[in-house]
Amino acid sequence: MKQIVIFGSGKGSNLQNILNYFVGSCLKVRLVVSDKPNSGCLDIAKCRSIPSFFINDWESIEKKIKIIQPDLIVLAGFLKKIPKEFIENCGCPIVNIHPSLLPKFGGKGMYGKKVHQAVIDGKESKSGITIHFVNENYDEGNIIFQKEIDLWDGITVEDLEIEIHKLEKEWFPKVIQEVLGLED
Ligand code: GRF
């Protein structure tokens with residue numbers, strides 16, 4: 001059995017998707033952490049009886065992680081920067097999903113619709129998702145996986161958001177599975 005912990009700040013649609021994908025598998029989500037008290041992630045976790053906490057200080061998070069000793073920490077829409085000390089002390093890799101083809105359109109403040117707006121303003125012909133290991137800089141760790149899509153004339157931020165969400169839902173659980181060395 002592999003154990004993961006998920007950190008999220010937003011709606012939690014990736015969390016929900018990961019939970020659905022791994023139902024009845026040998027992966028268990030042991031804990032959900034949010035830095036936002038009203039994050040959808042906390043509601044989703046509660047509905048599934050997964051321990052979940054609104055925590056804002058790294059010392060408390062680290063204590064909980066030390067007890068669980070997860071195989072992987074997954075950032076699913078987590079907006080806070082992960083401190084170097086936490087990365088070094090948590091005892092497992094950390095992966096993040098970003099809604100652009102990094103290194104383009106990443107970094108501080110680049111999340112959600114802002115990313116898609118920048119892609120459209122930049123007249124890019126492609127966008128996509130990046131799943132990467134986390135280091136102490138925003139969106140800069142080693143890339144594990146990217147999937148791209150072609151953009152079309154007149155594409156709106158909302159269109160792009162829908163397309164990117166489809167990619168996230170299809171690929172994030174599969175990449176998590178692969179990083180953990182689980183069978184398909
Ligand atoms: C996703 O689009 C992800 O790429 C980004 O934050 C968003 C989180 O959405 N890092 P949700 O909370 O999973 O619905």
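Just follow the structure's listing: the first ligand is 1, and inside any ligand the first atom is 1. Here, residue 1 is the first one in the sequence, and each next residue gets the next number.
Partners of Q16 according to the side chain to side chain donor-acceptor pair (under 3.5 Å) rule, which considers only residues two or more places apart in sequence or in another chain, do not exist here. In this structure, the side chain to side chain donor-acceptor pair (under 3.5 Å) partners of K166, at least two apart in sequence or on a different chain, are E163. Every residue was checked against the salt bridge (Lys or Arg N to Asp or Glu O under 4.0 Å) condition with D121, not counting sequence neighbours, and none meets it.
Cation-pi geometry between K64 and F53 is met: under 6.0 angstrom from the ring centre, within 45 degrees of the axis.
For a heavy-atom separation below 4.0 Å, the residues in contact with ligand 1 are G10, K11, G12, S13, N14, G77, I97, P99, H165, E168.
With F7 as reference, I73 is the one residue of I73, I55, L15, V32 to meet the side-chain contact (heavy atoms from CB on, under 4.5 Å) rule.
Nearest heavy atoms, S34 versus S39: OG-CB, 3.1 Å.
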